[in-house]
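The next block holds one structure in the form of structure tokens; read it before the comments.
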Amino acid sequence: MGTRTEASFCRTCGGLCGVDVTVDDAGRLVSVQGDRNNPLTQGFACIKGLQAPAFHNHPDRLLHPLKRQPDGSFQRISLEQALDEIAARVDGIIEEDGGRAVATFRGTQNYTDTLGYHMLPAWSAAIDSTAFFSTMTIDQSAKWVTAERLGFWGAGYQPFADSDVWMFVGINPVVSLWGGNAFSPFNPVKQLKAAKARGATIIVIDPRHTETARFADIHLQPRPGEDVTVAAGLVRLILAENWHDREFCDRHVAGLDALAAAVAPYTPDYAEARADVPPDMLRLAAAAFARDGRRGACTTGTGPNMGPRSNLADHLYECLNVISARFLRAGEVIPTPGVMAPRREPRAEVVPPGRSWEQGPRSRVGGVGMLQGQMMSGVLVDEILTPGEGRIRALFVAAGNPAMAFPNQKKTVDALRGLDLLVAIEPMMTATARLAHYILPPRLQYERYDLPLPHYEGVFPGPYAQYTPAVATPPEGSEVVDDWYVFWALAKRMGRAIQFDGEPLNMESVPHPDELLAILIRNAAVPFETIRSQRQGDFLDVPAQTVAPAREGRESRFEVAPADIVEELALVGGEEAPADGFTHRLVSRRMRELQNTLGMDLPAIRARRPFNPAYMHPSDMTAHQLAEDDVIEIISRAGAISGRVQGDESVRPGAISMTHCWGVLPGDPDDGSQGASTSLLVSTDVDVEPINAMPVMSAIPVRIRKMDVAETA
Ligand SMILES: Nc1nc2c(c(=O)[nH]1)N[C@H]1C(S)=C(S)[C@@H](COP(=O)(O)OP(=O)(O)OC[C@H]3O[C@@H](n4cnc5c(=O)[nH]c(N)nc54)[C@H](O)[C@@H]3O)O[C@H]1N2
Ligand SMILES: Nc1nc2c(c(=O)[nH]1)N[C@H]1C(S)=C(S)[C@@H](COP(=O)(O)OP(=O)(O)OC[C@H]3O[C@@H](n4cnc5c(=O)[nH]c(N)nc54)[C@H](O)[C@@H]3O)O[C@H]1N2
Ligand code: SF4
Ligand SMILES: [Mo]
């Protein structure tokens, strides 16, 4: 059989690697390779991406809609029947309880499915539901809170490409291909090498000596969960030494004196006592960033965003950017002037804090507000479990696996089991799919038309665009559909009109994916046809754009010290070390081979990654009389799991570094061979952030106990 090779891009993670895809005459995916000619990613591709053919052609891939039977088994039904039945049940629920009773959840694989991404909220709006949830609010919604409490800069950050300093906090782009707010995570190793070659100083703040920290000139390895202490300590030092940009602060910052007063107690000695960061190291980092560095930002990842007091910590780290003025100023060239998104007019001014969570609807349970038009995933489970008016009765899960990923797994699974209707758009029989009433299997990435998310194109280091048609064909005889189609087809059956990105859709005939993509970029700087011809990805020749000055009379300022921040700083500063018997902190980490749960079913990956080890520093193992492969019980306030210990020099003593999303469904037979779910250790009652209901999902206080052979057999 012959083959052909086509250009496309990988959508397994946010790395968006340009790839060459080989398919056979039947359109079956044969291989995926990094495309050396792609100017963005230059041939980079990782094991996750290279495994795409194994995933597309997996013998266990679901190829037909399934309906759960009373005995728990699944029966194949036709797509038409599934959609008819689901539409009828949703109609019934809305009739009884309104649209609010029908929730939609966006999982990680939805962020790289541009049509699905835009269809989800369009569907939710079409059924008059505010119950929209996403992984962002069990991940890094601290960034949303910060932007809405501090304000943000209209013209964006100074880019990494010409920076002379950069600070990575609890983020590991070399493995995660994630850059936080300011770093463009494409081919990160190449970028870090280039930065070193130009003499830039890299600062990493992470309890683990990560793959990214290998590039660091300065690595602070604090006690996990002490980001408030470290960040406040840095802010205090910079202000006390006058290393901040006074001119910028005079013009654009409000509350600087109040901030200085609020961080005054966070002295280097205090930071040492609490975070175990030596005073000279803290000073080194502060000086390198603010005194010696001229350009370059601080960017945070899941470490601080999942740790305790995540919103306060994120606010303080962002204050480093503010007081050091690490933003593009009037007259500077904008790296991404707008290709797929409409051309904006970026201004050298502060977009003032909006505090949107203080207005608008609140959750029934806990009274938590909304951010960016979404309800907080931290309240979803209680919104299902708590009876009464407004209860969530139906849930659509698109491209996610909440039964494995959500905090407090037992409670999550109870809630999912208690739904009147759970629909999973999901290619594999995952833990979540098993609980669903209906499973609708999707087309996979190379079977879909796509663009990178247009409104997110600012993440590119230049005016980049890439388009891919479907380059592979779904297996013969299958009934797989695009995620977006599910919602369009349901809305049609229910007589609801979809406004796709604000544009009314034709509800009579099924739109072609290109029509939908064209809608998304209808206001683009470049015609759709031009973008559509970018099969291999390219930086386009578009007119350069410079940052415009602030508008006349524009007085908005960064609010560095609003009352709630000052209050919380006083609270943390006065805390006593808790005598709670928790000897360790369990910290999150990602595995190179997996994207959360995605990849666990692939033999090549399972062979390399049979379980999620509990990584500890060898000295810590010795101190606790532990040997390689010993099994320990890891006990938190919320629960206990077992973990197989492996020595890892990169982990700070006192930390246990372990990946999430492993283990089995609660109640299933468990011989420990599948690893364990760290989610069982996460409390959704204690230390939950008030604004965004974010639990402590990293730096979880735990203690450990060696299990004997009888217990683990
Ligand atoms: N290979 C791979 N890539 C992925 C994923 C995957 O599962 N696998 N998942 C994707 C997803 S969903 C996301 S959200 C991104 C996340 O991307 P990242 O935020 O880069 O995630 P991690 O690689 O886990 O890096 C988090 C770092 O925080 C550190 N840390 C933990 N606790 C603390 C703390 O209290 N303070 C500080 N300062 N640091 C701490 C950890 O040691 C770790 O090095 O990655 C994405 N990319
Ligand atoms: N304790 C703890 N818990 C955590 C974390 C942590 O660090 N610690 N990390 C959190 C983070 S950052 C996140 S983002 C969440 C992840 O939460 P989720 O997004 O809920 O989990 P994933 O495993 O990424 O789910 C992706 C699903 O999409 C399916 N899929 C693959 N391709 C397609 C497709 O083309 N279409 C569709 N419809 N589905 C597809 C996969 O089979 C998989 O089941 O977990 C969170 N949970
Ligand atoms: S880093 Fe790997 S998974 Fe992510 S886009 Fe590139 S090849 Fe795909
Ligand atoms: Mo995430």
Side-chain angles (χ1 to χ4, degrees), residues 9-19 32-35 38 40-41 44-52 55-56 58 61-62 105-113 116 133-140 173-178 185-188 301-303 305-306 377 396-409 412 424-433 439-448 450 480-484 486 586-590 592-601 641 658-662 677-682 695-698 700:
F9 59 96
C10 177
R11 286 151 276 172
T12 300
C13 85
L16 300 180
C17 295
V19 291
V32 171
Q33 276 177 324
D35 174 5
N38 179 290
L40 180 70
T41 55
F44 182 83
C46 79
I47 176 170
K48 305 188 302 292
L50 302 183
Q51 283 291 319
F55 195 61
H56 279 58
H58 200 293
R61 177 175 169 190
L62 305 177
F105 174 71
R106 164 183 288 154
T108 52
Q109 291 301 302
N110 188 251
Y111 295 82
T112 45
D113 164 12
F133 300 83
S134 78
T135 52
M136 184 63 177
T137 54
I138 45 164
D139 179 340
Q140 291 159 82
V174 171
V175 167
S176 68
L177 279 289
W178 167 243
F186 311 103
N187 200 338
T302 49
N305 283 186
M306 288 184 180
S377 288
F396 285 84
V397 174
N401 192 0
M404 299 310 284
F406 264 44
N408 197 339
Q409 191 185 29
T412 299
I425 309 178
E426 172 56 56
M428 302 298 287
M429 191 51 89
T430 59
T432 303
I439 310 171
L440 302 173
R443 286 175 176 252
L444 295 179
Q445 55 173 317
Y446 293 111
E447 299 159 359
R448 290 199 306 258
D450 239 320
V480 292
V481 286
D482 284 342
D483 288 44
W484 66 262
V486 170
L586 185 120
V587 294
S588 59
R589 84 190 286 158
R590 317 241 144 211
R592 227 182 247 285
E593 298 82 357
L594 293 155
Q595 182 77 355
N596 305 314
T597 61
L598 177 56
M600 284 192 188
D601 312 288
I641 60 172
M658 202 164 172
T659 304
H660 56 290
C661 281
W662 285 79
S677 170
T678 57
S679 154
L680 289 164
L681 301 175
V682 179
V696 173
M697 292 168 55
S698 190
I700 305 167

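One-based numbering, in listed order, for ligands and for the atoms of each.
Short contacts between ligand 2 and Ser588, defined as distances under 4.0 Å to a heavy atom of the residue, involve ligand atoms 7 (O). Residue Thr12 has at least one heavy-atom neighbour below 4.0 Å for each of these atoms of ligand 3: 3 (S). Within the listing of ligand 2, atoms 20 (O) sit less than 4.0 angstrom from a heavy atom of Pro402. Listed by number with element, the atoms of ligand 2 under 4.0 angstrom from any heavy atom of Asp483 are 36 (N), 37 (C), 38 (N). Atoms of ligand 2 found under 4.0 Å from any heavy atom of Thr678, numbered from 1 in the order shown, are 1 (N), 2 (C). Taking every heavy atom of Arg443 and a limit of under 4.0 angstrom, the matching atoms of ligand 2 come to 35 (O). Atom numbering of ligand 2 starts at 1 in the shown order; those under 4.0 Å from a heavy atom of Thr430 are 44 (O). Counting atoms of ligand 3 from 1 in the listed order, those under 4.0 Å from a heavy atom of Lys48 are 3 (S).
Considering backbone and side-chain atoms together, Phe105 places no N or O closer than 3.5 Å to any N or O of ligand 2. No N or O atom of Gln445 sits closer than 3.5 Å to an N or O atom of ligand 2. Inclusion of Thr135 in the set of residues having an N or O under 3.5 Å from an N or O of ligand 2 is not warranted. For Met306, no nitrogen or oxygen atom sits less than 3.5 Å from a nitrogen or oxygen atom of ligand 2, counting backbone and side chain alike. Checking only distances, Thr302 never comes within under 3.5 Å of ligand 2, N or O to N or O. The shortest N/O to N/O separation between Arg448 and ligand 2 falls below 3.5 Å. Residue-to-ligand polar distances place His660 within reach of ligand 2: an N/O pair is separated by less than 3.5 Å.
Here atom 24 (O) of ligand 2 lies nearest to Thr108 when heavy atoms of Ile425, Thr659, Leu444, Thr108 are compared. Taking all heavy atoms of Ala398, Ala399, Gly107 into account, the minimum distance to atom 27 (C) of ligand 2 is reached by Ala399. Proximity annotation for atom 21 (O) of ligand 2: of Asn401, Leu594, Asn110, Asp113, Asn401 comes nearest, heavy atoms only. With atom 40 (C) of ligand 2 as the reference point, the heavy atom nearest to it among Ser677, Pro427, Ser134 is part of Pro427.
You'll find the side chain of Tyr446 reaches within 4.5 Å of the side chain of His56, heavy atoms only. In this structure the side chain of Phe133 reaches within 4.5 angstrom of the side chain of Ser377, judged on heavy atoms. Looking at Leu681 and Ile641, their side chains come closer than 4.5 Å, going by heavy atoms from C-beta outward.
With hydrogens left out, the protein atom closest to atom 6 (Fe) of ligand 3 is Cys17 SG, 2.3 Å, a heavy atom. The single protein non-hydrogen atom nearest to atom 15 (C) of ligand 2 is Ala405 CB, 3.8 Å, given as residue, atom name and distance. Looking at atom 31 (C) of ligand 2, its nearest protein heavy atom turns out to be Gln109 CG, 3.6 Å. Nearest protein heavy-atom contact of atom 42 (O) of ligand 2 is Glu426 OE2, 2.7 Å.
Heavy atoms of Thr597 found under 4.0 angstrom from ligand 2 belong to the backbone as well as the side chain. If you look at Thr41 next to ligand 3, there are no close heavy atoms at all, none under 4.0 Å.
There is no side-chain donor-acceptor pair under 3.5 Å between Gln595 and Thr108.
Judged purely by atom type and a 3.5 angstrom limit, Thr412 uses its side chain to pair as donor or acceptor with the backbone of Pro407. Of the possible donor and acceptor atoms, none in the side chain of Thr135 sits under 3.5 Å from a partner among the backbone N and O of Gly107. For Gln445 (side chain) and Arg11 (main-chain N/O), a donor-acceptor pair under 3.5 Å exists by modelled atom type.
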Would Arg590 and Asn596 count as a side-chain contact (heavy atoms from CB on, under 4.5 Å) if you check the C-alpha gap in whole Å, the side-chain angles of each, and the deciding distance to 0.1 Å?
-> CA-CA 8 Å; Arg590 317 241 144 211; Asn596 305 314; 3.2 Å; yes

Decide side-chain contact (heavy atoms from CB on, under 4.5 Å) for Leu62 and Met428; before the verdict, give the C-alpha distance in whole Å, the side-chain angles of both, and the deciding distance to 0.1 Å.
-> CA-CA 6 Å; Leu62 305 177; Met428 302 298 287; 5.6 Å; no

Determine, stepwise, if the pair Met404 / Ser679 fulfils side-chain contact (heavy atoms from CB on, under 4.5 Å).
-> CA-CA 8 Å; Met404 299 310 284; Ser679 154; over 6 Å; no

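The pair Glu447-Arg61 meets the salt-bridge criterion, with a side-chain N (NZ, NE, NH1 or NH2) lying under 4.0 Å from an Asp/Glu carboxylate O. Residues Asp482 and Arg448 are not paired through a salt bridge, judged by the lack of any N-O separation under 4.0 Å between the basic side chain and the carboxylate.
The residue from Thr112, Asn38, Thr41 that alone fulfils the side chain to side chain contact (heavy atoms under 4.5 Å, CB included) condition with Leu16 is Thr112.
At least one heavy atom of Phe44 sits less than 4.0 Å from an atom of ligand 3. Look at Arg590 and you'll find a heavy atom under 4.0 Å from some atom of ligand 2.
The minimum heavy-atom distance linking Val32 with Leu50 is given by the pair O-CD2, 3.2 Å.
Within the 2.8 Å limit, Cys10 places no N, O or S atom next to atom 6 (Fe) of ligand 3. Not one N/O/S atom of Cys13, from backbone or side chain, sits under 2.8 Å from atom 8 (Fe) of ligand 3.
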